[in-house]
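Scope of the values below: all heavy atoms of this structure, side chains included, with no hydrogens, waters or symmetry mates.
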Amino acid sequence: MKRLGIAAVLAAALLTLLSPLPATAQAAAPPDPRPLTGQQIIHDPTVVRLRSGGYVAYSTGGVIGARLSKDGRHWDDAGSAFAEPPSWWYEYNDTGDPWAPDISYRAGRYWLYYAVSSWGTNHSAIGVATSRTGLPGTWTDHGKVLTSGTTDSWNAIDPALVEADGRLWMSFGSYWTGIRMVELNPATGRALPDPTVHHLATRPDAPYAVEGPYIVRHGRHYYLFASYDACCAGVDSTYRIKVGRATTITGPYVDSAGTPMLEGGGDLLLEGHGRYVGTGGQSVFRDRGRDWLAYHYYDAEDEGTPKLGLNRLVWTENGWPEVV
């Protein structure tokens with residue numbers, strides 16, 4: 001009886017080890033975004049906490065669509081950055097339609113970078129405007145920062161600024177061999193004359209579906225966030241956000257396994273789940289000592305309408321970001 005009892009216990013233990021893990025012990029599902037109210041419709045959001053208080057978000061749509069919030073939870077439609085498109089935008093599309101803005105504060109002014117292009121071409125340009133307040137309707141446009149043409153192997157859209165070691169840099173790119181970077185003149189905000197175009201990330205397979213870079217510094221590393229796969233198809237969108245890091249601003253950026261992002265590497269940070277389809281078009285902003293990830297998703301419970309997603313961004317002990 002004693003020997004049989006031991007055998008039964010061992011058999012039960014083996015069955016426990018071989019049984020599927022309960023849902024609570026399996027890989028956790030991606031976190032839902034912060035609950036928001038008000039005007040949530042947005043695409044390619046860039047968010048900043050204003051020095052005057054409250055928040056502003058700019059986005060693709062309108063003449064750079066604007067949203068305002070007092071608390072980061074309830075958002076109101078605030079029109080557009082500009083009353084009408086600057087005339088030079090029409091060189092790049094027939095409607096004067098700008099894409100994927102990036103807002104930052106530097107040297108006593110807010111700087112708003114954006115792109116103008118047409119779907120499926122790299123005949124594109126990145127422009128810049130400045131404002132003392134950052135509010136819609138207060139922006140002065142300063143024209144082109146960087147352009148690309150059909151003979152270039154990169155696409156001048158999806159700009160994002162970052163400062164490193166006293167120098168100003170702009171990452172950008174979409175398809176056309178992926179993510180690139182140039183140095184800017186901090187006084188003008190424009191690319192240096194005949195700049196070196198650094199290559200930061202791509203994929204081994206055409207059409208090189210990676211775009212929308214955003215770089216932040218944390219500790220001794222620079223972190224490159226980028227959107228992979230397809231946007232802009234409602235509930236059929238497959239956008240997801242990946243990240244890699246480097247010890248110097250121009251790379252090489254690698255994932256946690258050491259695979260370079262120039263060779264298709266990148267750790268998955270956030271992907272679609274449940275009603276939150278096609279998470280991407282991301283940016284990162286800092287608010288009272290905390291980092292936040294802003295992005296859009298397509299709401300499967302609202303006919304695929306693009307909406308604002310906000311999640312806290314935290315850092316693990318080994319220095320990698322996670323969304324919560």
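Nearest heavy-atom pair across V235 and G304 is CG1-CA, 3.8 Å. Between T130 and H142 the shortest heavy-atom distance is OG1-NE2, 2.6 Å. Of all the heavy atoms in G173 and P213, the pair that sits closest is O-CD, 3.9 Å.
Annotation: side chain of Y55 is not in contact with side chain of V48 (no heavy-atom distance under 4.5 Å). Using a 4.5 Å heavy-atom threshold, the side chains of S227 and V210 count as separate. In this structure, W292 and R312 have side chains that are in contact, with non-hydrogen atoms separated by less than 4.5 Å. The shortest side-chain heavy-atom distance between Y175 and E211 falls under the 4.5 Å cut-off. Using a 4.5 Å heavy-atom threshold, the side chains of V323 and L313 count as touching. Looking at L161 and W169, their side chains never come closer than 4.5 Å, going by heavy atoms from C-beta outward. The closest side-chain heavy-atom distance from V284 to F225 is below 4.5 Å. No side-chain heavy atom of W154 sits under 4.5 Å from any side-chain heavy atom of I179.
Taking the six-membered ring for Trp and the full ring otherwise, the centers of Y298 and H43 sit less than 6.0 Å from each other. The aromatic ring centres of W99 and Y92 sit 6.0 Å or more apart.
No side-chain donor from either of H123 and S118 sits under 3.5 Å from a side-chain acceptor of the other. Remark: the D158 side chain and the Y114 side chain contain no N/O donor-acceptor pair separated by less than 3.5 Å. Under the 3.5 Å distance criterion, with hydrogens and angles disregarded, no donor-acceptor pair is assigned to the side chains of R240 and Y228. Between the side chains of W119 and N93, no donor-acceptor pair of N or O atoms lies under 3.5 Å. Side chains of Y208 and R203: a donor-acceptor N/O pair is absent below 3.5 angstrom, by distance only. For the 3.5 Å distance criterion, the side chains of D291 and H218 fail to qualify, holding no donor opposite an acceptor. With hydrogens and angles left out, the side-chain atoms of D44 and Y58 include no donor and acceptor closer than 3.5 Å. Side-chain contact, W176 with D152: no donor N or O sits under 3.5 Å from an acceptor N or O. Checked by atom type, the side-chain pair D267/S256 shows a donor-acceptor distance below 3.5 Å. Counting only N and O atoms by type, the side chains of T238 and D229 include no donor and acceptor under 3.5 Å apart.
Heavy-atom contacts from other residues, nucleotides or ligands closer than 6.0 Å to CG of D194 number 12 or fewer. With a 6.0 Å radius and a threshold of 12 heavy atoms from other residues, nucleotides or ligands, D205 has its CG atom above the threshold.
Of the possible donor and acceptor atoms, none in the side chain of T196 sits under 3.5 Å from a partner among the backbone N and O of H198. Under a 3.5 Å cut-off, the side chain of S148 and the backbone N or O of A156 do form a donor-acceptor pair. The backbone N or O of N185 lies less than 3.5 Å from no partner atom in the side chain of E183, so there is not a single donor-acceptor pair. In this structure, R67 contributes its side chain and V47 its backbone to no donor-acceptor pair below 3.5 Å. A donor-acceptor contact shorter than 3.5 Å is absent between the side chain of S59 and the backbone of I42. A donor-acceptor contact shorter than 3.5 Å links the side chain of H199 to the backbone of T177.
Taking CD from Q40 and CG from L310, the interatomic distance works out to 9.5 Å, rounded to the nearest 0.5 Å. Taken from CZ in R217 to CG in D165, the straight-line distance is 6.0 Å, to the nearest 0.5 Å. Interatomic distance, I215 CD1 to M170 CE, rounded to the nearest 0.5 Å: 11.0 Å. To the nearest 0.5 Å, atoms CG (N122) and CG (N155) are separated by 5.0 Å. Atom OG in S124 sits 11.5 Å away from atom NZ in K144 (nearest 0.5 Å). For the atom pair CG (L50) and CD1 (I103), the distance works out to 6.5 Å, reported to the nearest 0.5 Å.
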Exercise. Are W75 and T37 close enough, and set up right, to give a side-chain contact (heavy atoms from CB on, under 4.5 Å), and what steps lead you there?
Worked result: CA-CA 6 Å; W75 293 84; T37 59; over 6 Å; no

Exercise. Can you list the steps and then say if R275 with D302 is a salt bridge (charged side-chain N to carboxylate O under 4.0 Å, His left out)?
Worked result: CA-CA 9 Å; R275 68 184 292 183; D302 190 13; over 6 Å; no

For this session: May I have the step-by-step check of side chain to side chain donor-acceptor pair (under 3.5 Å) for W88 and D141, ending in yes or no?
Result: CA-CA 10 Å; W88 69 266; D141 190 64; 2.9 Å; yes

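The same ILVMFWY cluster, assembled from side-chain heavy atoms under 4.5 Å apart, contains both Y110 and F82. Two different hydrophobic clusters hold L68 and F285 under the rule that ILVMFWY side chains link at heavy-atom gaps under 4.5 Å. Both L184 and V197 are members of a single hydrophobic cluster when ILVMFWY side chains are connected at heavy-atom separations under 4.5 Å. Note on V277: it does not cluster hydrophobically with I41, by side-chain heavy-atom contacts below 4.5 Å among ILVMFWY residues. The hydrophobic clustering, which links ILVMFWY residues whose side-chain heavy atoms are closer than 4.5 Å, places L192 and V128 apart.
By the 6.0 Å and 45° rule, R106 stacks over the aromatic ring of W111. No cation-pi contact links R180 to F172, judged by a cut-off of 6.0 Å to the six-membered ring centre and 45° from its axis.
At a threshold of 4.0 Å, the pair K242-E271 does not count as salt-bridged, since none of the basic side-chain nitrogens sits closer than that to a carboxylate oxygen. For the pair D255 and R245, the salt-bridge criterion is not met [side-chain N within less than 4.0 Å of a carboxylate O].
Y223 pairs with exactly one of Y214, W315, Y253 by the ring pair (Phe, Tyr, Trp, His ring centres under 6.0 Å) rule, that one being W315. For the ring pair (Phe, Tyr, Trp, His ring centres under 6.0 Å) with Y276, the lone residue among Y295, Y297, Y239 that qualifies is Y297.
Other residues sharing a hydrophobic cluster with Y90 under the 4.5 Å side-chain heavy-atom criterion for ILVMFWY residues do not exist; the residue is a singleton.
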